[in-house]
Trainee: 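The structure follows.
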Amino acid sequence: MTETNKEIAIIEMYMKDVENIPQLSDDEKEDLIMRLADGDSSVVEDLVNSELLHVAEMAQNYRDKGVTFGDLIQEGNVALTEVISDYDGDGDSEAFNKLVNEAVTEAFENAIKDQADSDKINQHLADKLNLLDDTTKKLTEKLGRVPEASELAKEMDIPEEEVDNLLKISLEVLSVNEDSHLADDIDSSIDETEEDVSDEDPLDWRING
């Protein structure tokens, strides 16, 4: 999935932000992990922030697989925060790093799978809507009038209830398309008058104490 110019700008700002976060030395990180293992939740923020750049670098390996880079980072950061907040290990840094990597990787893979499943459903629905449109045109020409839902259902060999749902969705899509020109005009006006996308970086998942 290709990122828009706005998304790319946000990602660039986010990457600059995380790159400026002071990195922990190995000794400092090991000390925080040990404190976390001892129940000191005050170190969660520092540990999460120290791993944000790592998550973004991991996300690069999953780019162009159906999910935007920004969404990957968000999913990875959520998983990162959860796994560190819920940490109940013994303080071993190698095991900690493995736990983080596994949690973030799983988040990436789940996001990609969910998007793929959603795309399949959307494609299936689009095929059904196209069939409904073709069948409606065919029966209208044959009958000399707009066909009823029962006639469409019989011709398409699907339940009448499904035809009703498809007709409803078709009307909703038409309504959205008619409103899209207005939405485009509004977006253009916003782009022209606002240089900053947001006062707050939507990709900034750092925990604020």
Side-chain angles (χ1 to χ4, degrees), residues 1-119 187 190-209:
M1 187 176 293
T2 304
E3 292 94 2
T4 65
N5 289 336
K6 279 188 177 181
E7 290 170 332
I8 291 173
I10 292 172
I11 291 168
E12 289 177 348
M13 288 190 295
Y14 174 79
M15 292 302 296
K16 288 180 181 178
D17 192 22
V18 297
E19 286 170 358
N20 288 329
I21 298 175
Q23 294 299 297
L24 300 173
S25 67
D26 291 341
D27 289 341
E28 289 173 332
K29 184 175 179 179
E30 288 178 6
D31 177 62
L32 291 182
I33 295 172
M34 285 300 300
R35 288 170 57 186
L36 183 64
D38 290 336
D40 185 357
S41 60
S42 68
V43 304
V44 170
E45 178 182 349
D46 288 336
L47 281 171
V48 169
N49 289 342
S50 72
E51 295 288 337
L52 292 178
L53 182 58
H54 178 54
V55 171
E57 291 171 344
M58 288 179 65
Q60 290 281 7
N61 297 324
Y62 292 85
R63 209 163 185 173
D64 300 324
K65 293 189 177 182
V67 179
T68 65
F69 188 50
D71 285 343
L72 285 172
I73 290 175
Q74 286 187 339
E75 293 296 329
N77 286 348
V78 169
L80 170 69
T81 302
E82 289 178 349
V83 74
I84 293 180
S85 298
D86 298 337
Y87 180 73
D88 61 357
D90 60 6
D92 180 75
S93 59
E94 186 175 338
F96 174 87
N97 291 335
K98 181 179 180 181
L99 190 66
V100 167
N101 287 343
E102 289 177 348
V104 172
T105 297
E106 183 179 7
F108 292 155
E109 292 176 348
N110 286 341
I112 292 170
K113 180 181 180 300
D114 289 345
Q115 184 61 53
D117 290 343
S118 177
D119 289 344
D187 285 342
I190 292 174
D191 289 340
E192 291 172 1
T193 57
E194 294 185 5
E195 293 183 0
D196 293 331
V197 175
S198 172
D199 292 334
E200 212 170 293
D201 188 347
L203 288 179
D204 191 351
W205 279 93
R206 285 180 294 169
I207 300 177
N208 295 316

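Values below: every heavy atom of this structure, side chains too, minus hydrogens, waters and symmetry copies.
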Trainee: Should the pair Tyr62 and Phe108 be assigned to parallel (<30°), tilted (30 to 60°) or perpendicular (>60°) ring geometry?
Mentor: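 Rings of Tyr62 and Phe108: tilted, 30 to 60°.
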Trainee: With a 4.5 Å heavy-atom cut-off, do Lys29 and Asn97 have their side chains touching?
Mentor: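 Yes - at least one pair of side-chain heavy atoms lies under 4.5 Å apart.
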Trainee: Might you confirm whether atom CG of Asn5 has over 12 heavy atoms from other residues, nucleotides or ligands at distances under 6.0 Å?
Mentor: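 No.
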Trainee: To check you understand the geometry: which heavy-atom pair defines the closest contact between Ala37 and Gly91, and what is its length?
Mentor: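 Minimum heavy-atom separation between Ala37 and Gly91: CB-N, 3.6 Å.
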Trainee: CD of Glu94 to CG of Leu99: how many Å apart, nearest 0.5 Å?
Mentor: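 Reported to 0.5 Å precision, the distance equals 12.5 Å.
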Trainee: If we only count heavy atoms from C-beta on, is the Asn77 to Glu51 side-chain gap below 4.5 Å?
Mentor: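 Sidechains of Glu51 and Asn77: no contact.
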Trainee: Find the distance between NZ (Lys65) and CD (Glu109) and round it off to the nearest 0.5 Å.
Mentor: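 Going from the NZ atom of Lys65 to the CD atom of Glu109 covers 8.0 Å.
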Trainee: For the residue pair Ile8 and Phe69, establish whether any side-chain heavy-atom pair is separated by less than 4.5 Å.
Mentor: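 Answer no - side chains too far apart.
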Trainee: Can you tell me how far apart OG1 (Thr68) and CD1 (Ile11) are? Round to the nearest 0.5 Å.
Mentor: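 Interatomic distance, Thr68 OG1 to Ile11 CD1, rounded to 0.5 Å: 6.5 Å.
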Trainee: For a side-chain contact (heavy atoms from CB on, under 4.5 Å) check, start with the C-alpha distance between Lys98 and Glu102, then their side-chain angles and the critical distance, and finish with the verdict.
Mentor: CA-CA 6 Å; Lys98 181 179 180 181; Glu102 289 177 348; 3.1 Å; yes
Trainee: For the atom pair OG (Ser93) and CG (Leu32), what is the distance rounded to the nearest 0.5 Å?
Mentor: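 Spacing of OG (Ser93) from CG (Leu32) equals 11.5 Å.
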Trainee: For Ser85 versus Val44, what's the shortest heavy-atom pair and its separation?
Mentor: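 Minimum heavy-atom separation between Ser85 and Val44: OG-CG1, 3.8 Å.
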Trainee: For the residue pair Ala79 and Ala103, what are the closest heavy atoms and their distance?
Mentor: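 The answer is CB-O, 3.6 Å.
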Trainee: Taking all atoms of both residues into account, what is the closest heavy-atom pair of Val67 and Ala111, and its distance?
Mentor: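 Closest heavy-atom pair between Val67 and Ala111: CG2-O, 3.5 Å.
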Trainee: Side chains of Tyr87 and Ile33: closer than 4.5 Å at any heavy-atom pair?
Mentor: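 SC-SC contact between Tyr87 and Ile33 confirmed.
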Trainee: Check for a donor-acceptor pair, side chain of Gln23 on one end and backbone N or O of Ile21 on the other, with a separation under 3.5 Å.
Mentor: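 Pair found, side chain donor or acceptor close to backbone of Ile21.
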Trainee: For the pair Ser118 (side chain) and Asp114 (backbone), establish whether a donor and an acceptor sit closer than 3.5 Å, ignoring hydrogens and angles.
Mentor: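 It does not hold such a pair.
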Trainee: Answer yes or no: is there a donor N or O on one side and an acceptor on the other, between the side chain of Ser50 and the main chain of Leu47, under 3.5 Å?
Mentor: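 Looks like yes, one N/O pair under 3.5 Å.
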Trainee: What's the separation between atom CG in Asn49 and atom CD1 in Ile84, rounded to the nearest 0.5 Å?
Mentor: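 That separation rounds to 9.0 Å.
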Trainee: If you compare all heavy atoms of Gly66 against all heavy atoms of Gln115, which two are closest, and at what distance to 0.1 Å?
Mentor: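 Result for this residue pair: O-CG, 3.1 Å.
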Trainee: For the side chain of Asn20 and the backbone of Lys16, is there at least one donor-acceptor N/O pair under 3.5 Å apart?
Mentor: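 Yes: the side chain of Asn20 pairs with the backbone of Lys16.
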Trainee: Report, as yes or no, whether the 6.0 Å neighbourhood of atom CG on Asp26 holds more than 12 heavy atoms from other residues, nucleotides or ligands.
Mentor: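 Counting other residues, nucleotides and ligands, CG of Asp26 stays at 12 neighbours or fewer.
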Trainee: Taking Asp38 for the side chain and Asp40 for the main chain, is one N or O donor matched with an acceptor at less than 3.5 Å?
Mentor: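 Pair absent, no side-chain N/O of Asp38 close to backbone of Asp40.
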Trainee: Quick one: pull up CD1 in Ile73 and CE in Met58 and give me the separation to the nearest 0.5 Å.
Mentor: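 Reported to 0.5 Å precision, the distance equals 12.0 Å.
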